[in-house]
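First the proteins, then the strands, lettered A, B, ... as listed; each starts at 1. As the structure is a prediction and not an experimental result, all values here were calculated from the model.
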Amino acid sequence: MKQKIGLIDYGYAGNTFNIKKAVLKVAPRAELSEVKTAKDLHEVDKIILPGVGAYRDVMHNLADLAEDIAGAIKKKPTLGICLGMQILSQKGYEFGETRGLGIFEGEVMRIPVKCRVPHLGWAPLDILRESRILNGVKKEDSFYFMHSYEFMNYKDLVSLSVYGEHQFVSVVEKGHVFGVQFHPEKSREAGLKVLENFINF
Amino acid sequence: MERVRIIAKLDVKPPYVIKGVHLEGLRKVGKPEEMAVKYYEQGADEIFYVDCVASLYRREILYDLVRETAGRLFVPFCVGGGVKTVDDAAKLLHAGADKVLMNTYAIANPSVIKDSARVFGSQCVVVSIEAKKWGDKWECYTDCGRIRSGKDVIDWAREAQDLGAGEILLTSVDCDGRKRGFDIELTKKVSEAVNIPVVASGGAGTAEHIAKVIDEGYADAVAVASILHYGEATINDIKGHCRARGLEVLS
């Protein structure tokens, strides 16, 4: 069966080029479309929340669609990438307090480290429990992070990573919803593996 | 210590990658879409792509060439050249860039940094500083090291950070293309002045030069061009040398 994957369109800031190209690399037959309306949401099997933008602007752009997205996520396998993972939280503080989609309990705060922010670079995952999204990922595999904010959640943790001697949440899972703080579409073979796992889920 | 990124930098004058000395006297060295893939396969942690003539010729960057290059990479891709407005930045992101570089027009109109950071997040906005030494200070240049701006490099680096820039690409115009080493003092001063990552650029002639700007200039990442283009070292050679010097790099 051909899979239909909907990429949530944040409007102006939205950037789906890189995710499309990476998904098509691991699943050439997948059908990818941009989700702009509630009707678009009905037509897809899985959802990806891409990772470019700022929390406040993205939530404002989604406006009324946010409720429909939250509803659809309850039923359909979903992968949130970077900011896309962050907006799955209850609220964020980038450019002011903003309500998120509320799928995961937790908030998104600025990374509390003394060293340079944003965190731009490669880091491995300290995997605390098995997750289908990390099938085949090895201990030495590194992933690319680009973020100034981090996901504060202690209930649905899958892995932690380290920046500036500070541990932050790098992967979360709750039922059929996954969030990754890194960019799988920018993390070489290991990242493509994560996308493949999502396709195979 | 954090892992230092080794970045392959492509200076592009469409349809070719070029390389000169002091950002001038430009020689063709290959095609961007092919060289980007070569460095990706060599193990580059990121690829930077700078259209060197866009702002000089007062034209837009060539999006098709950016898209063509981006389509083959699965590592971060930072692109700049002629970025004037938030719209230009959006177009680059849509063409496959992960980060957008700005210089010439950001100096003339700093609010483009602020507006872009607000829409795309700071992690997407990289300010490119072309620094030339005058006495004991450095001045920012624009249009690929050709035009003086009158701005002090350290002041501008701080201002760019305050406006929301998430990274600085710091090129020493004096050292660029000469392969005699980086301007360590410049890199150190800028690194100490800001709290966002600084990418050192201009002057890599040997792997040791690269290790030195990390060690003594506190660079968070290093952009390399000439020695890669002329086959004098590969990304792996550079990383091997850095590791032997006790510096953390991604294997």
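- Distance check, rounded to the nearest 0.5 Å: CD of E189(A) to CZ of F74(B) gives 8.5 Å.
- Contacts between K20(A) and chain B at a heavy-atom distance below 4.5 Å are absent for every atom of the residue.
- Considering every non-hydrogen atom in both K186(A) and V75(B), the closest pair reads NZ-O, 3.1 Å.
- For chain B, no part of L83(A) is nearby; none of its heavy atoms comes within less than 4.5 Å.
- Using a 4.5 Å heavy-atom cutoff, the side chains of H119(A) and P197(B) are not in contact.
- Contact tally against chain B (heavy-atom pairs below 4.5 Å) for C115(A), P184(A), P118(A): the top residue is P118(A).
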Run the side chain to side chain contact (heavy atoms under 4.5 Å, CB included) test on F95(A) and R118(B) for me, step by step, so that the C-alpha distance in whole Å, both residues' side-chain angles and the decisive distance to 0.1 Å come before the verdict. CA-CA 8 Å; F95(A) 296 108; R118(B) 170 88 196 212; 4.0 Å; yes
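- Minimum interatomic distance between R116(A) and I196(B) (heavy atoms only, all atoms of both residues): NH1-O, 3.0 Å.
- Within 6.0 Å of the NZ atom in K114(B), the count of heavy atoms belonging to other residues, nucleotides or ligands does not exceed 12.
- Within residues 61-71 of chain B, the residues that have a heavy atom under 4.5 Å from a heavy atom of chain A are R67(B), A70(B), G71(B), listed by number.
- Not one N or O on the side chain of D57(A) forms a donor-acceptor pair closer than 3.5 Å with the backbone of V119(B).
- Nearest approach of S148(A) to S122(B), heavy atoms of both residues: OG-CB, 4.4 Å.
- Note that the OH atom of Y10(A) and the CZ atom of F120(B) stand 14.0 Å from one another [nearest 0.5 Å].
- Taking a 6.0 Å sphere around CD of E216(B), one finds it holds more than 12 heavy atoms contributed by other residues, nucleotides or ligands.
- Sorted by first and then second residue, the salt bridge (charged side-chain N to carboxylate O under 4.0 Å, His left out) pairs involving residues 127-136 of chain A (not counting sequence neighbours) are R132(A)-E173(A).
- When the shell of 6.0 Å around NZ of K31(B) is examined, it contains 12 or fewer heavy atoms from other residues, nucleotides or ligands.
- Taking OH of Y149(A) as the start and CD of Q123(B) as the end, the distance is 10.5 Å to the nearest 0.5 Å.
- For residues 184-193 of chain B, every residue pair satisfying the salt bridge (charged side-chain N to carboxylate O under 4.0 Å, His left out) rule, not counting sequence neighbours, is listed here: K133(B)-E185(B), E185(B)-K189(B).
- Of all the heavy atoms in D98(B) and M146(A), the pair that sits closest is O-CE, 3.5 Å.
- Rounded to the nearest 0.5 Å, atoms CD (E185(A)) and CG (L73(B)) are 12.5 Å apart.
- Distance check, rounded to the nearest 0.5 Å: CH2 of W122(A) to CD of E46(B) gives 8.5 Å.
- Taking both residues in full, the closest heavy atoms of L120(A) and K99(B) are given as CD1-NZ, 4.0 Å, listed atom of the first, atom of the second, then distance.
- E196(A) pairs by the side chain to side chain contact (heavy atoms under 4.5 Å, CB included) definition with V26(A), K193(A), N200(A), not counting sequence neighbours.
- Contact tally against chain A (heavy-atom pairs below 4.5 Å) for A221(B), A117(B), A97(B), A95(B): the top residue is A95(B).
- Heavy atoms of other residues, nucleotides or ligands lying less than 6.0 angstrom from CZ of R59(B) number more than 12.
- With a threshold of 4.5 angstrom between heavy atoms, Y55(A) does not approach chain B through any atom at all.
- The heavy-atom pair separating V52(A) from L93(B) by the smallest distance is CG1-CD1, 4.3 Å.
- The part of E94(A) that comes within reach of chain B is its side chain, from C-beta onward, which places non-hydrogen atoms under 4.5 angstrom from that chain.
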